[in-house]
Amino acid sequence: MTGAGYAVIVLLTLLLFGGGLLLGRRTARPVRPSDVGTPVEHATFETLHTASLAAPPLRAGLTEDSARKSAGRLRSLLGTDALCLTDRERVLVWDGEGDHHDRHVMEEVRDLLASGRDTAFRSDCDDLDCPLRWAVAVPLTVDHRVLGALIAYAPRESAVLARAAGEVARWVCVQLELTELDRSRTQLIEAEIRALRAQISPHFIFNSLAAIASFVRTDPEQARELLLEFADFTRYSFRSHGDFTTLADELHSIDQYLALVRARFGERLAVTLQVAPEVLPVALPFLCLQPLVENAVKHGLEGAVTSSRITISALDAGSEAEVVIEDDGIGMDPERLRHILRGEGGKSTGVGLLNVDERLRQVYGDDYGLVIETGIGAGMRITVRLPKYRAGVHGT
């Protein structure tokens with residue numbers, strides 16, 4: 001079952017439990033004239049609201065800070081006297097009465113952390129006024145790894161509390177699992193960016209420096225300008241922060257790249273740029289367009305082609321920005337292109353196209369993959385659609 005499906009099941013269980021708990025509370029008191037809706041509707045809303053407040057801290061992982069911020073909400077869901085969250089080494093937070101019990105918690109859950117099985121135990125306490133006489137502990141697991149435990153305390157043994165604690169613990173596990181997925185996604189994006197950086201051809205770097213060197217004596221000023229372009233291009237390409245950038249910065253880097261290419265090929269390469277100013281602030285994944293332009297240069301000047309024209313446009317398309325990169329080069333067999341976009345082109349074939357296509361789909365959804373029109377001898381036209389706003393996507 002997927003994490004999303006599991007989350008739905010756990011949330012429905014919480015709603016049923018919370019509905020019954022709060023319905024009992026509502027029927028035990030008079031209905032005020034200001035009350036709106038049925039008791040079940042109120043129970044549903046209160047349970048959802050409490051769960052939604054507990055979720056964001058947990059998405060940061062199982063830490064002392066996240067446990068402290070979420071424990072009160074979790075105890076409210078259970079309606080218990082006290083609640084404790086631990087990791088594998090220590091108590092992270094105690095919420096509620098009887099905090100003197102936290103001295104014995106890790107000893108009580110030692111076997112649970114080793115086995116991953118729920119446990120219940122009587123709470124030995126010399127304080128006659130302490131209401132905490134029984135507890136149920138449930139492991140918090142992600143990918144079959146026990147990260148810690150949730151312990152709910154009560155005045156007496158309760159099968160209902162035991163079941164409820166299990167469901168709340170499973171809901172917490174879903175949030176922690178989503179944290180792991182977020183980390184995996186971030187690591188994947190970083191790995192893909194490293195792959196793109198590695199793909200910036202050493203031949204391109206060597207040829208750029210050779211072209212710059214050729215101007216040192218004949219045109220020192222041109223050599224100086226190209227050297228600055230090269231420095232800025234490499235600084236941007238190998239920057240160490242941010243998964244996203246702006247269209248303005250990406251296009252500026254592309255312009256620097258093309259300046260270095262033109263220094264080598266001269267009049268063999270003609271470039272036309274058409275950019276609408278209103279789309280320049282649009283955010284997009286870092287190093288998303290440069291591989292597409294490098295692909296256009298490669299296919300535009302490949303083989304015996306004497307000259308090539310590349311057209312780059314970035315235009316306003318309502319709620320989106322539309323970027324089109326087109327060349328008049330040798331093109332590609334559409335069937336071969338399909339193999340490349342399925343990851344079947346080999347380690348050194350079309351890595352840039354596949355990488356960009358996958359990252360666009362990861363960030364924006366499958367509707368935003370690359371649209372590529374090509375044919376043998378017909379050049380290539382690549383269209384990239386970018387939403388002007390998408391939550392979590394911010395240029396740096």
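All residue numbers in this chain count up from 1 along the given sequence. Quick caveat: nothing in here was measured; it's all calculated off a predicted structure.
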Are [X] and [Y] close enough for a salt bridge, meaning some N to O gap below 4.0 Å?
X    : Y    : answer
E335 : R338 : yes
R110 : E107 : no
K388 : D316 : yes

* **Spatial distance of atom CD (E108) from atom OG1 (T86) [nearest 0.5 Å]** =>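 Output value for this atom pair is 12.0 Å.
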* Atom pair CD/CG of E326 and L292 - distance to nearest 0.5 Å ->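 Between E326 CD and L292 CG, I get 13.5 Å after rounding to 0.5 Å.
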Within the side chain of [X], is there an N or O that forms a donor-acceptor pair under 3.5 Å with the backbone of [Y]?
X    : Y    : answer
R309 : T272 : no
D357 : G369 : no
R75  : D81  : yes
Q175 : L58  : no
E97  : L132 : no
R88  : V146 : yes
R385 : V371 : no
T245 : F286 : no

Which heavy-atom pair separates [X] from [Y] by the least distance, and what is that distance?
X    : Y    : answer
G148 : L112 : O-CD2, 4.3 Å
L226 : A259 : CD2-O, 3.8 Å
A152 : L161 : CB-CD1, 4.2 Å
V168 : L78  : CG2-CD2, 3.6 Å
V91  : M106 : N-SD, 3.9 Å

* **Stepwise side-chain contact (heavy atoms from CB on, under 4.5 Å) check, D102 with C84** => CA-CA 8 Å; D102 66 358; C84 176; 5.6 Å; no
Is the shortest heavy-atom distance from the side chain of [X] to the side chain of [Y] under 4.5 Å?
X    : Y    : result
I254 : L273 : no
P139 : L113 : no
T63  : L92  : no
L150 : L83  : yes

* Asked: Would one find more than 12 heavy atoms of other residues, nucleotides or ligands at under 6.0 Å from atom CZ of R361?
  ->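 Count over threshold, so yes.
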* Asked: So T374 and I382, side-chain contact (heavy atoms from CB on, under 4.5 Å) or not? Walk me through it.
  -> CA-CA 9 Å; T374 188; I382 303 176; over 6 Å; no
* M332 vs I340, side-chain contact (heavy atoms from CB on, under 4.5 Å): CA-CA, chis, key distance, verdict -> CA-CA 11 Å; M332 183 182 293; I340 288 174; 3.9 Å; yes
* **Pairs touching residues 133-156 that satisfy side chain to side chain donor-acceptor pair (under 3.5 Å), sequence neighbours left out** =>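 Pairs touching residues 133-156 that pass the test: none.
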* With sequence neighbours left out, what residues match V275 under side-chain contact (heavy atoms from CB on, under 4.5 Å)? ->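 Applying side-chain contact (heavy atoms from CB on, under 4.5 Å) to V275 gives L251, L280, A314.
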* Asked: Linking I/L/V/M/F/W/Y whenever their side-chain heavy atoms sit closer than 4.5 Å, directly or via other members, would I310 and L289 fall into one cluster?
  ->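 Same hydrophobic cluster.
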* To do: Evaluate the side-chain contact (heavy atoms from CB on, under 4.5 Å) criterion for residues F215 and L227: first the C-alpha distance (whole Å), next the side-chain angles of each, then the deciding distance (0.1 Å), finally the verdict.
  => CA-CA 10 Å; F215 286 101; L227 194 59; over 6 Å; no
